[in-house]
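All of these numbers come straight from a predicted model, not from anything done at the bench.
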Amino acid sequence: MAIAVCGMLDEREDGLLLIKEKIEARGHRTVVIDFSIGTGGIQPSLKADITCEELARAGGADIATVRASLRTEREKATSAMARGLVSKANALLAAGDLQGIIAVGGMTGTMISLPVLKQLPFGLPKVLIS
């Protein structure tokens, strides 16, 4: 079982890496989920277990379309990534591989991560750092 660590690697890599390392130091496994949509200036070195491209596809879009629609249709872009995050988290949960979830983000990251936090079952640990 793993704890999902979610966020935009192109904006929050340092914080996500710190959380990942602290969790793993306590003997837990992590799954890093990247929901970057191209707004950050960081070229991340941390590799995601579930990439933003995978999330976009799981949300019914492709990452290029999400990024292109960000300026004019922000809600459409964030909704696609949120749907993908819900889909991937549900798959981990159904496989018995989700022990908890921590999401890190600003306004956009919060908009992407809140739907999954709201729909995951009561009792599953959930943390949003915004």
Side-chain angles (χ1 to χ4, degrees):
M1 292 191 38
I3 298 173
V5 178
C6 313
M8 293 183 185
L9 284 179
D10 67 347
E11 291 186 356
R12 312 266 182 230
E13 180 180 26
D14 291 343
L16 294 167
L17 179 60
L18 177 66
I19 293 167
K20 175 187 181 331
E21 289 173 345
K22 294 292 185 182
I23 291 169
E24 290 174 349
R26 297 182 67 95
H28 300 280
R29 191 170 67 81
T30 60
V31 173
V32 175
I33 303 174
D34 179 18
F35 53 73
S36 296
I37 53 177
T39 60
I42 298 170
Q43 281 291 23
S45 57
L46 178 61
K47 299 298 177 206
D49 299 298
I50 299 173
T51 66
C52 55
E53 292 84 3
E54 291 175 85
L55 282 188
R57 279 192 303 274
D62 63 75
I63 196 64
T65 302
V66 168
R67 289 178 176 150
S69 66
L70 187 59
R71 286 186 185 257
T72 58
E73 299 176 287
R74 187 173 201 83
E75 186 175 332
K76 182 178 178 182
T78 57
S79 291
M81 297 305 280
R83 285 191 308 272
L85 184 56
V86 167
S87 174
K88 292 296 186 176
N90 280 333
L92 289 169
L93 186 64
D97 201 26
L98 187 62
Q99 186 176 357
I101 186 167
I102 298 172
V104 179
M107 180 190 74
T108 302
T110 298
M111 290 170 54
I112 292 170
S113 58
L114 270 178
V116 74
L117 299 176
K118 287 171 38 177
Q119 73 81 203
L120 285 170
F122 180 79
L124 183 80
K126 303 172 241 359
V127 174
L128 171 60
I129 302 167
S130 180

- Task: Could you go through the side-chain contact (heavy atoms from CB on, under 4.5 Å) check for Lys126 and Leu128 one step at a time?
- Result: CA-CA 7 Å; Lys126 303 172 241 359; Leu128 171 60; over 6 Å; no
- Message: Between Ile37 and Cys52, is the side-chain contact (heavy atoms from CB on, under 4.5 Å) condition met? List the steps.
- Response: CA-CA 7 Å; Ile37 53 177; Cys52 55; over 6 Å; no
- Output, in order, the C-alpha distance, side-chain angles, deciding distance and verdict of side-chain contact (heavy atoms from CB on, under 4.5 Å) for Met81 and Met8. CA-CA 11 Å; Met81 297 305 280; Met8 293 183 185; over 6 Å; no
- When you look at Leu46 and Lys20, which way does the side-chain contact (heavy atoms from CB on, under 4.5 Å) test go after all the steps? CA-CA 10 Å; Leu46 178 61; Lys20 175 187 181 331; 4.0 Å; yes
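Nearest heavy atom pair, residue Cys6 against residue Leu85, reads SG-CD1, 4.1 Å.
Under the 3.5 Å distance criterion, the side-chain polar atoms of Ser36 are matched with a main-chain donor or acceptor of Asp10.
The line from CD of Gln99 to NE2 of His28 is 5.5 Å long, rounded to the nearest 0.5 Å. Of the inter-residue distances, the one linking Leu70 atom CG with Thr65 atom OG1 reads 12.5 Å to the nearest 0.5 angstrom. Distance CE/Met1 to CG/Leu92: 10.5 Å, rounded to 0.5 Å. Between the CZ atom of Arg57 and the OG atom of Ser87 there is a distance of 11.5 Å, given to the nearest 0.5 Å. Distance check: Leu124 CG to Ile3 CD1 gives 9.5 Å after rounding to the nearest 0.5 Å. With rounding to the nearest 0.5 angstrom, the NZ atom of Lys88 is 14.5 Å from the CG atom of Leu93.
Under a hydrophobic-cluster definition in which Ile, Leu, Val, Met, Phe, Trp and Tyr are linked whenever side-chain heavy atoms come within less than 4.5 Å, directly or via other members, Ile19 and Leu17 are assigned to the same cluster. In the hydrophobic clustering of this structure, Val116 groups with Leu98; members are Ile, Leu, Val, Met, Phe, Trp, Tyr whose side-chain heavy atoms approach within less than 4.5 Å, directly or through other members. Transitive grouping of hydrophobic side chains (ILVMFWY, heavy atoms separated by less than 4.5 Å) keeps Ile102 and Ile112 in distinct clusters. In the hydrophobic clustering of this structure, Val104 does not group with Val31; members are Ile, Leu, Val, Met, Phe, Trp, Tyr whose side-chain heavy atoms approach within less than 4.5 Å, directly or through other members. A continuous path of ILVMFWY side-chain contacts below 4.5 Å connects Ile50 to Leu114, so both sit in one hydrophobic cluster.
Within a 6.0 Å radius of CD in Gln119, more than 12 heavy atoms belonging to other residues, nucleotides or ligands are found.
The only member of Asp49, Leu55, Val5 that meets side-chain contact (heavy atoms from CB on, under 4.5 Å) when paired with Ile33 is Leu55.
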